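Okay, structure first, notes after.
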Amino acid sequence: MNKLISILIPLYNEEETLPITYDRLTRVLTDIHYDFEILFINDGSNDKSIKILKEIREKDPRVSYLDLSRNYGKEIAMAAGFDYAVGDAVIIMDADLQDPPELIPQMIQYWEEGFDDVYAKRKNRNGETWLKKKTSYYFYRILKKVSKVEIQEDTGDFRLLSRRAVEAIKGFKEHHRYTKGFFSWIGFNKKEILFEREARIAGKSKWNYFKLIELAIEGITSFSSAPLRMTTYVGFTTATIGIIYMAYVVIKKIVFGDPVAGYASMVSLLLFFSSIQLISLGIIGEYLGRIFDETKNRPLYFINDYDGQRNSR
Ligand code: UDP
Ligand code: MG
């Protein structure tokens with residue numbers, strides 16, 4: 001039996017891009033002599049995506065689909081995909097063709113050479129704003145500094161994973177997911193491929209700055225407790241400054257008999273220290289909230305429907 005390769009494509013409201021993506025992907029696959037499973041994960045789309053998927057599935061038995069019960073976000077959609085994929089290797093790809101399927105043969109070749117995680121690193125970021133490029137650049141720098149895992153820069157989720165790497169990722173049951181960090185965390189043999197990232201072919205990006213900030217917080221909090229330690233350091237620093245200032249005020253009082261202490265300095269001290277306390281509480285709260293979410297131990301996702309190769313193998 002030929003080796004089977006699963007291609008995971010999480011999608012949310014991609015009715016415009018789906019047919020184009022399917023066409024271009026299958027054109028690439030005809031030249032490769034492996035069996036394929038193209039597993040679409042419909043992440044609660046509220047457009048015609050699921051209808052289109054069912055139509056494609058009718059015509060092409062290589063196509064499977066997993067229909068999640070609502071929109072969970074790409075991270076959880078990928079987790080669901082890993083659970084259902086049956087291939088000896090799994091390739092994750094976006095539905096908007098920003099990840100060119102033409103890289104797949106190269107990925108498979110490296111996999112055959114023994115690599116477990118063949119990831120595509122972008123040489124450029126076409127179609128993205130200057131602000132997004134800058135913020136993501138600094139985000140990676142910070143994340144690298146505070147977390148102990150080496151996160152690959154300018155690398156998305158587009159990659160091929162060997163079966164054992166997929167099994168490793170499936171062990172991550174957490175609800176707050178920063179999957180890109182998991183890929184680094186599991187280790188194994190990694191190989192980089194460079195590519196030019198294209199702009200989205202149609203439709204709109206589902207990202208906005210709010211989501212980006214959330215993902216950044218997710219990335220940092222799920223891989224590092226450095227912010228907690230930082231609050232301790234800030235606490236010690238302000239305490240030291242506080243003691244020095246206190247000594248200054250007391251000595252001034254004794255030596256000069258200073259009548260009423262300055263209102264301005266009182267107010268600024270009060271504001272300064274209370275805001276530091278609030279920020280620290282917020283940081284502790286971030287971690288506490290995550291502990292709360294994880295201890296509930298709820299299922300990660302529910303599915304409406306699945307039609308695919310897991311049923312027939
Ligand atoms: N996506 C998803 N669930 C979501 C949001 C996005 O499955 O809640 C999918 C989306 O359909 C696409 C991929 O994740 O296939 C990447 O999303 P997008 O192109 O919007 O992000 P960007 O490339 O702009 O970072
Ligand atoms: Mg995209």
Side-chain angles (χ1 to χ4, degrees), residues 6-25 38-53 56 63-85 90-101 103 119-137 139-140 151-159 175-180 183 195-216 218-219 300-304 306:
S6 299
I7 299 172
L8 291 192
I9 308 183
L11 61 113
Y12 175 53
N13 292 346
E14 300 280 5
E15 58 183 7
E16 288 160 272
T17 62
L18 259 184
I20 314 171
T21 305
Y22 171 74
D23 276 350
R24 195 162 133 197
L25 177 63
I38 308 172
L39 173 58
F40 288 99
I41 301 120
N42 178 35
D43 186 18
S45 302
N46 41 34
D47 62 356
K48 290 204 270 318
S49 296
I50 189 70
K51 193 169 153 268
I52 298 170
L53 286 181
I56 304 177
V63 171
S64 309
Y65 65 82
L66 180 65
D67 188 23
L68 300 183
S69 63
R70 65 170 170 87
N71 177 245
Y72 288 91
K74 188 188 175 190
E75 302 291 317
I76 289 189
M78 285 194 288
F82 290 132
D83 288 344
Y84 278 78
V90 172
I91 295 171
I92 308 139
M93 213 181 96
D94 280 0
D96 56 5
L97 285 181
Q98 282 193 282
D99 305 331
L103 255 58
Y119 61 90
K121 178 175 171 159
R122 42 187 182 255
K123 282 190 270 189
N124 66 331
R125 315 188 79 169
N126 290 346
E128 287 181 11
T129 61
W130 175 86
L131 193 64
K132 187 169 176 189
K133 284 179 201 168
K134 276 280 167 229
T135 42
S136 94
Y137 172 74
F139 167 64
Y140 282 124
I151 310 265
Q152 287 99 25
E153 236 167 288
D154 282 338
T155 307
D157 300 315
F158 184 30
R159 63 185 67 223
H175 286 245
H176 290 274
R177 303 180 74 83
Y178 183 65
T179 314
K180 216 192 302 180
F183 297 139
F195 79 110
E196 302 266 345
R197 187 155 163 101
E198 293 153 44
R200 195 176 233 290
I201 39 160
K204 269 204 201 96
S205 170
K206 274 90 207 165
W207 288 106
N208 52 43
Y209 271 96
F210 193 63
K211 277 196 181 169
L212 219 55
I213 290 169
E214 288 210 318
L215 190 71
E218 216 64 271
L300 263 190
Y301 57 86
F302 291 105
I303 65 161
N304 269 337
Y306 169 72

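What you are looking at is a predicted structure, and each value in this text was computed from that prediction instead of being measured. For ligands, and for the atoms within them, numbers begin at 1 and follow the listed sequence.
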Problem set entry | Non-hydrogen atoms of Asp43 and Lys74 that approach each other most closely | OD2-N, 3.8 Å
Exercise. Would Ser49 and Glu14 satisfy side chain to side chain donor-acceptor pair (under 3.5 Å), going step by step from the backbone distance to the final call?
Worked result: CA-CA 6 Å; Ser49 296; Glu14 300 280 5; over 6 Å; no
Seminar exercise, completed: Residues passing the side chain to side chain contact (heavy atoms under 4.5 Å, CB included) test with Ala120, sequence neighbours excluded, are Leu103, Met107, Phe158, Phe195
For this session: Give the protein residues with at least one non-hydrogen atom closer than 4.0 Å to an atom of ligand 1, ordered by chain and number.
Result: Pro10, Leu11, Tyr12, Glu14, Asp43, Asn71, Gly73, Lys74, Asp94, Ala95, Asp96, Gln98, Lys132, Arg197, Arg200, Ser205, Lys206, Trp207
Exercise. Would you call Arg197 and Asp154 a salt bridge, using N to O less than 4.0 angstrom?
Worked result: no
Exercise. Taking C-beta and beyond as the side chain, do Met78 and Ile41 meet within less than 4.5 Å on heavy atoms?
Worked result: no
Seminar exercise, completed: Here the Mg ion (ligand 2) sees protein N, O or S atoms within less than 2.8 Å, and their number is 2
For this session: For Tyr65, check side-chain hydrogen bond (donor to acceptor under 3.5 Å, both in side chains) against everything at least two apart and list the hits.
Result: Asp305
For this session: Please report the closest heavy-atom contact between Leu300 and Ile76, naming both atoms and the distance.
Result: O-CG2, 3.7 Å
For this session: For residues Tyr72 and Phe302, determine if any side-chain heavy atom of one lies less than 4.5 Å from a side-chain heavy atom of the other.
Result: yes
For this session: May I have the step-by-step check of ring-ring contact (aromatic ring centres under 6.0 Å, His included) for Tyr306 and Tyr84, ending in yes or no?
Result: CA-CA 9 Å; Tyr306 169 72; Tyr84 278 78; 4.8 Å; yes
